[in-house]
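Every value quoted in this text rests on a predicted model; they were computed, and no experiment measured them. Sequential numbering from 1 along the given sequence is applied to the chain's residues.
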Amino acid sequence: MTRSGYGRALIAAGLAVLAGGAEAAQCGNSAAGFESWKREFAEEARGRASPAAISALMGTSYSSATIAADRGQRSFKLSLEQFLAKRGGPAIISRGRALKRSQGALFDSIEQRYGVPPGPLLAIWGMETGFGAVKGNVNTLSAVATLAYDCRRSAFFTDQLYAALTLVDRGVLTAATRGAAHGEVGHTQFLPKSVLNYGTGGSLDNVSVALASTANFLKAHGWRAGAGYQPGEPNFAAIQGWNAASVYQRAIALIGSKIDGE
């Protein structure tokens, strides 16, 4: 190719990139552009989401509560001891031990099927929602749409938003569903894509469904029956798949071991 021809090719490629970018819904960092983004995203979603799901999307609003929560995750910077104190580690251990005894048949059936013992599941359940006491009160679709629009993690939450629209079509989510500030739902706080990939069927507001789905998540992330799950042991990697924060991972492992080893 001649130098001039090469230059023309580069210009053409650049124009193609710009054209593609113009078609994509543009992220933003304030509420000001959300309604415009939503219309653009809805156009992109046609063909990937049903009219009913797109209608649910168009009913969403910018969630200031979601943005505040996303910018304020300071507890993940605490030491393990500080984090456990802040999140009520001793209370989770005590309640977890009681639930392990009272719901023994449920945990036995889950362990038999997925190889995951009660401790990590109870640690996650307790840490995420206080065993179902605090599942959140933010509109789920609005939360996920807000984070898909927000520039900080737009690509990650765009995938979550498409998953949420699929769940609307399946009747798992509705325009009225409420949960945690980042769009997590149920007793163990699954994001929409995790509901699609690891949910075992039914609502995660049902305890047995939520716990089985959590065990299924861990198994899919490499959990091996009978192996240890403390840092450096084989199953710790599955716990790392649950949450990216190191202090959270270590807290789950420690609380789980206290429950399992009572």
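Looking only at atom types and distance, the side chain of T188 has a donor-acceptor partner in the side chain of T214 under 3.5 Å away. Side-chain atoms of N216 and T200 form no donor-acceptor pair, as typed in the model, at a separation below 3.5 Å. Of the N and O atoms on the side chains of D70 and H182, at least one donor lies less than 3.5 Å from an acceptor on the other residue. Counted by atom type alone, S109 and Q112 present zero donor-acceptor pairs between their side chains at under 3.5 Å.
Aromatic rings of W223 and Y229 (six-membered ring for Trp) have centroids within the 6.0 Å cut-off, being under it. Proximity of the aromatic rings of F34 and F41 is defined here by a centroid distance below 6.0 angstrom, and this criterion is not met.
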Going through the distances and angles, do Y248 and R87 end up as a side-chain contact (heavy atoms from CB on, under 4.5 Å)? CA-CA 10 Å; Y248 195 103; R87 299 296 286 264; 3.9 Å; yes
Verdict with reasoning, R71 to D150, per salt bridge (Lys or Arg N to Asp or Glu O under 4.0 Å): CA-CA 11 Å; R71 304 297 191 262; D150 186 64; 2.9 Å; yes
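In the hydrophobic clustering of this structure, I239 does not group with L191; members are Ile, Leu, Val, Met, Phe, Trp, Tyr whose side-chain heavy atoms approach within less than 4.5 Å, directly or through other members. V185 is not connected to V144 by any chain of hydrophobic side-chain contacts under 4.5 Å among Ile, Leu, Val, Met, Phe, Trp and Tyr, and they are in different clusters. I92 and V247 fall within the same hydrophobic cluster, where Ile, Leu, Val, Met, Phe, Trp and Tyr residues are linked whenever their side-chain heavy atoms come under 4.5 Å apart, directly or through other members. In the hydrophobic clustering of this structure, V172 does not group with Y162; members are Ile, Leu, Val, Met, Phe, Trp, Tyr whose side-chain heavy atoms approach within less than 4.5 Å, directly or through other members. Hydrophobic clustering of Ile, Leu, Val, Met, Phe, Trp and Tyr side chains at less than 4.5 Å, counting indirect connections, unites L121 with I93.
In this structure, F217 and F190 have perpendicular ring planes: the angle between them is above 60°, well past the 30° mark.
Between the T146 side chain and the S142 main chain, a donor and an acceptor come within less than 3.5 Å of each other. Between the side chain of R97 and the main chain of K258, a donor-acceptor pair closer than 3.5 Å is present. In this structure a side-chain-to-backbone donor-acceptor pair under 3.5 Å is present from H187 to D205. Remark: side-chain polar atoms of Q103 are not paired, donor with acceptor, to backbone N or O of K100 under 3.5 angstrom. E40 places no side-chain N or O within 3.5 Å of a backbone atom of W37 that could act as its donor or acceptor partner.
Atoms CD and OG, on Q240 and S246 in that order, are 8.0 Å from each other to the nearest 0.5 Å. Atom CG of L57 sits about 7.0 Å away from atom NZ of K38, to the nearest 0.5 Å. With rounding to the nearest 0.5 angstrom, the OG atom of S61 is 8.0 Å from the CD atom of E35. Annotation: the span from Y114 atom OH to L211 atom CG amounts to 11.0 Å, rounded to 0.5 Å. Interatomic distance, CE of M58 versus CG of L141, reported as 13.0 Å (0.5 Å rounding). To the nearest 0.5 Å, the span separating CG on L218 from CG on N235 amounts to 8.5 Å.
F107 places a side-chain heavy atom less than 4.5 Å from the side chain of L122. Within the 4.5 Å cutoff, no side-chain heavy atoms of R250 are placed close to those of Q230. Counting only heavy atoms from C-beta outward, the side chains of K219 and Y198 never approach each other to under 4.5 Å. Side-chain contact between L99 and W125: present, with at least one pair of heavy atoms (C-beta onward) separated by less than 4.5 Å. The shortest distance between side-chain heavy atoms of N139 and T177 does not fall below 4.5 Å. Side-chain contact between S213 and V209 is present, with at least one heavy-atom pair separated by less than 4.5 Å. Within the 4.5 Å cutoff, side-chain heavy atoms of F83 are placed close to those of M127. When side chains are defined from C-beta on, V168 does not count as touching T174, because their heavy atoms never get closer than 4.5 Å.
Looking at Q249, Q189, E128 one by one, the single match for side chain to side chain donor-acceptor pair (under 3.5 Å) with W242 turns out to be E128.
Within 6.0 Å of atom NZ in K193, 12 or fewer heavy atoms from other residues, nucleotides or ligands are found, so the atom counts as exposed in its surroundings. Within 6.0 Å of CZ in R178 there are more than 12 heavy atoms belonging to other residues, nucleotides or ligands.
When every heavy atom of A212 is checked against every heavy atom of I110, the shortest pair comes out as N-CD1, 3.9 Å. Here the closest non-hydrogen pair linking A56 and A175 is CB-CB, 4.4 Å. Closest approach of P120 and D260 over heavy atoms only: CD-OD2, 3.5 Å. Across all non-hydrogen atoms, the minimal contact from I252 to I124 is CD1-CG1, 3.7 Å. The nearest pair of heavy atoms linking E111 to P118 is OE1-CD, 3.8 Å. Here the closest heavy-atom approach between residue N206 and residue S208 is recorded as OD1-OG, 2.6 Å.
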